[in-house]
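Down below is the structure, laid out as structure tokens.
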Amino acid sequence: MEEINVILPDGSVKKVPAGTTVEELARSIGPGLARDAVAARFDGRLIGLNEPLNHGGHITILTFDDPEGREVYRHSAAHVMASAVKRLYPDARLGIGPAIEDGFYYDFEIDEPLTPDHLERIEETMREIVEEDIPFECMPLEQDEALDLFAELDEQYKQELIREMEEQGVTAYRHGEFVDLCRGPHLPSTGRLRAFKLLSVAGAYWRGDEGRPQLQRIYGTAFDSQAALDAHLERLEQARKRDHRRVGKTLDLYSIHEEGGPGLIYWHPKGSVVRGEIEDFWRVAHRDRGYDIVYSPHIAKKDLWATSGHLDTFQDSMFGAMEVDGVEYILKPMNCPFHILMYKESTRSYRDLPMRWAEMGTVYRYERSGALHGLLRVRGFTQDDAHIFCRPDQVEDEVIEVVRLAQYMLSVFGYTDYEIVLSVHDELQPDKYIGTPETWQEAEAKLARSLDRMGLAYETDVGEAKFYGPAIDIKMLDALGRAWQGPTIQLDFNLPERFDLEYAGEDGQIHRPVMIHRTVLGSMERFFGGLIEHYGGAFPTWLAPVQVVVIPITDDHLEYARDIQRDYRAHGIRVEVDDRNEKVGYKIRNAEVEKVPHMLVVGDREVEAETVSVRSRGHGERGNMDYRDFQSEVLEEIENRTG
RNA sequence: GCUGACGUAGCUCAGUGGUAGAGCGCGUCCUUGGUAAGGACGAGGCCACGGGUUCAAUCCCCGUCGUCAGCUCCA
């Protein structure tokens, strides 16, 4: 038989008979690999384990540890789920069912609404299908054959997909009685699935279009071992424990009230301390970088929003008008027109530019009720906004300075990793934007050049630009590796045009300035929500609502405890005395649960020696220290924002 | 906004067609205890709101509001 050479990832060459399957190849390399293999990449093409190798080439055998292997594995799990659903609900119509990050989903049209009980039954049926170990078979079909097949199966959504396919021929995959339109590849058989779980069910519009039918989407996940699945579920549980809505409640940071209206945040004293610290820090950081800090009103006449273009492109997000003296006013959804009015207050010279105006500006936006989410998606929020008015030749440098500021601010809050996205306009949806194609291209090019000059890697997202200009969006990764929308830097040639902004150039002529809209934290609400989860509620000392708790052992030590409180407080430390009639252990537990950074236990020994017995979050008992020495330590920790 | 689930004490949650329970928290008292929960007693509920069915509704049905999981949309 003819022999072929397959080249493995390490460069070694393996000689095998032509027609050897990937699985056989894996077995010849080692039993471990044979056991874990799920698919392979052969000369750039993703193939299944059953596929015979008919010619030589480069091969990488993929396991669950490879992202692509994971995708194949979970996609097969989605098929198994779909076949289970069809067994239980033969009338169910199939939508699509891809693998996604951390799992998979499948969309179905089923008359009966699915509940968690249904999921259990589906999961049970999936286990049966896995037990039956049914082989996955690939079926290459011509377009019209496929159409006939799915017409016969009464799968209208699949038919729609086939009709829109441009390439010649399609493939379907079959296991047992179940057939699905699918590019593949798949696991060799259903028995290869080792661990899976269905997680939730929710509505999802067919093809993401609100105007089309809503299907029922079942989410699930699959892993190559029960242990890995358990670990993943444990991670979900850990994330749930950090949920800012839960932590915000237990730590008494903020609330939302049905009586007051959804999406409106009430900052409690403790949450307000954190916010105040963030704002103080923010102000200093901005003044240091040449920003002026301004304030502006909350409402303005409707005409202003017509001039800015908000009425045309942002109206769906704006609260309705209120009438004052026969004139309509609108609650501000953005701060920019206000800063623009201030800019126009006097004639500006090129010497004045750049002008950097920053404002903690509270804005209101109408968000659809289903979009609201804790602190992350609200209807009233305070942006750490700023507008930089500059000359065209200053844009790139200004953008770079903003990115640097953002990097600095994020690092202070412990966000060391982030992803940068260049959000550009979508030429196919011109009515989403104001301005001409030329100005858009110029603006997008300037942003890209700034990033290039900094040597920063970024992705480009088409259609993610604001209505007035493109943006650099920075997504910060938190302690659990999740991405949060953070700083955004938006370039705007359009509003200066609409408001006819001017400055006198060195040449004595009138010129048009450029505006940079930017936030480095986003909004106080969203940033705070992210921060709560990032730290799991255990704020570093400089942000902690209570920095030190003094714990007297008995009432005899109360006076000393209060002396310490007075002294620490006079030095600006947020310190409380736990004077309740409880035992030390109880008070310590309480302070631990509230994630107070430092506890000072004081009893006879401490009163005698003017010391404190220190217990710090994450360190446990640290022994006795002079109370003034420890105070210096805390002050240093706050000053340096460590700890 | 859409689909589904949910809404019971301050919080987390049980529960039943015959007007309600636990733990934590809160209050009072006892206790003065050395590094993650001492004990006793007590207060606290229009069972989200509005209709309907029923002799009787917290429970069943409808609607409204809100929350949650998503979809869609965003700082």
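The sequence lines fix the lettering, A, B, ..., with proteins before strands; numbering per chain opens at 1.
A straight line from OH of A:Tyr105 to P of B:A69 spans 18 Å, rounded to a whole angstrom. In this structure, the CG atom of A:Leu253 is 16 Å from the C1' atom of B:G10, given to the nearest Å. Distance A:Asp107 CG to B:G70 C1': 10 Å, rounded to the nearest Å. In this structure, the CZ atom of A:Arg379 is 11 Å from the C1' atom of B:G66, given to the nearest Å. Rounding to whole angstrom units, CD of residue A:Glu258 and C1' of B:U67 are separated by 8 Å. For A:Phe467 and B:C73, the CZ to P distance is 18 Å, given to the nearest whole Å. Atom CD1 in A:Ile472 sits about 15 Å away from atom P in B:A75, given to the nearest Å. When rounded to the nearest whole Å, the span between CD of A:Glu464 and P of B:C73 equals 9 Å.
Both distances falling under 3.5 Å, in either a Watson-Crick or a G-U wobble arrangement, occur for no nucleotide opposite B:G44. Under the Watson-Crick or G-U wobble criterion, with both distances below 3.5 Å, B:G23 is paired with B:C11. Searching all strands for a Watson-Crick or G-U wobble partner of B:A69 with both distances below 3.5 Å returns B:U3. Base pairing annotation: B:G34 forms no Watson-Crick or G-U wobble pair, as no partner gives both donor-acceptor distances under 3.5 Å.
For the pair A:Arg275 and A:Trp267, the cation-pi test (distance below 6.0 Å, angle within 45°) is passed. The cationic atom of A:Arg74 (NZ for Lys, CZ for Arg) does not lie both less than 6.0 Å from the six-membered ring centre of A:Phe104 and within 45° of the ring axis. In this structure, A:Lys475 is not positioned above the aromatic face of A:Tyr418 in the sense of NZ or CZ being under 6.0 Å from the six-membered ring centre and within 45° of the axis.
In the set B:G38, B:C73, B:A37, the nucleotide with an atom closest to the side chain of A:Arg589 is B:A37. Candidate nucleotides B:C73, B:A36, B:U32 were compared by shortest atom distance to the side chain of A:Arg615, and B:A36 ranks first. Nearest nucleotide to the A:Arg245 side chain, out of B:G7, B:U32, B:A69: B:A69. Distance from the side chain of A:Gln214 is smallest to B:U3 among B:U3, B:G34, B:C68. Distances were taken from every side-chain heavy atom of A:Thr115 (C-beta onward) to each of B:U32, B:A5, B:G1; the shortest belongs to B:A5.
Residue-level contact check: A:Glu109 touches neither bases nor backbone, having no heavy atom under 4.0 Å from any strand. Using a 4.0 Å heavy-atom cutoff across all strands shown, A:Tyr219 reaches sugar-phosphate atoms only and no base atom. Within 4.0 Å of A:Val378, counting heavy atoms only, lies at least one base atom of the nucleic acid. Using a 4.0 Å heavy-atom cutoff across all strands shown, A:Glu592 reaches at least one base atom of the nucleic acid. Counting non-hydrogen atoms under 4.0 angstrom, A:Gly208 reaches the backbone sugars and phosphates but no base. Across all strands, A:Lys249 comes closer than 4.0 Å only to sugar-phosphate atoms, never to a base (heavy-atom distances). If you check every strand for non-hydrogen atoms under 4.0 Å, A:Val584 touches sugar and phosphate atoms only. The residue A:Gly585 sits close only to the backbone: its heavy atoms come under 4.0 Å of sugar-phosphate atoms, none of a base. Within 4.0 Å (heavy atoms only), A:Gly522 reaches sugar-phosphate atoms of the nucleic acid but no base atom. At a threshold of 4.0 angstrom between heavy atoms, the contacts of A:Leu114 are confined to the sugar-phosphate backbone, with no base atom among them. Within the nucleic acid shown, A:Ser369 comes within 4.0 Å of at least one base atom, counting heavy atoms only. Heavy atoms of A:Asp604 sit under 4.0 angstrom from at least one base atom. Looking at heavy-atom distances under 4.0 Å, A:Glu525 makes no contact with the nucleic acid at all.
For B:U31, its base sits under 3.5 Å from the side chain of A:Asn581 at one donor and acceptor pair at least. Not a single donor-acceptor pair, N or O on each side, falls under 3.5 Å between the base of B:G70 and the side chain of A:Tyr205. For A:Arg526 against B:C74, a side-chain N or O and a base N or O form a donor-acceptor pair under 3.5 Å. Under 3.5 Å, the side chain of A:Arg217 and the base of B:U3 form no donor-acceptor pair of N or O atoms. Counting distance only, with no hydrogens placed and no angle test, the side-chain atoms of A:Ser523 and the base atoms of B:A75 include a donor-acceptor pair under 3.5 Å. For A:Gln216 and B:G70, a side-chain-to-base donor-acceptor distance below 3.5 Å is absent, hydrogens and geometry of angles not being considered.
Heavy-atom minimum distance, A:Ala561 versus A:Val577: O-CG2, 3.7 Å.
Ring geometry, A:His298 versus A:Tyr364: the interplanar angle falls from 30° to 60°, so the pair is classed tilted.
Ion pairing of A:Arg368 with A:Glu210 is present here, as a side-chain N (NZ or NE/NH1/NH2) and a carboxylate O approach within less than 4.0 Å. Using a 4.0 Å cut-off between charged side-chain N and carboxylate O, A:Arg377 and A:Glu367 make a salt bridge. Taking a cutoff of 4.0 Å between a charged side-chain nitrogen and a carboxylate oxygen, A:Glu237 and A:Arg240 qualify as a salt bridge.
Here A:His373 does not reach the OP1 or OP2 of B:U67: none of its side-chain N or O atoms lies under 4.0 Å away. For the OP1/OP2 pair of B:G34 and a distance below 4.0 Å, the side-chain nitrogens and oxygens of A:Lys587 include no atom meeting the criterion. Look at A:Arg207 and you won't find any side-chain N or O under 4.0 angstrom from OP1 or OP2 of B:U72. Note on A:Tyr586: every side-chain N or O is 4.0 Å or more away from OP1 and OP2 of B:U31. Proximity of A:Arg580 to the phosphate of B:C26: a side-chain N or O atom is located under 4.0 Å from OP1 or OP2.
Annotation: B:C71 and B:U12 have their C1' atoms spaced 30 Å apart (nearest Å).
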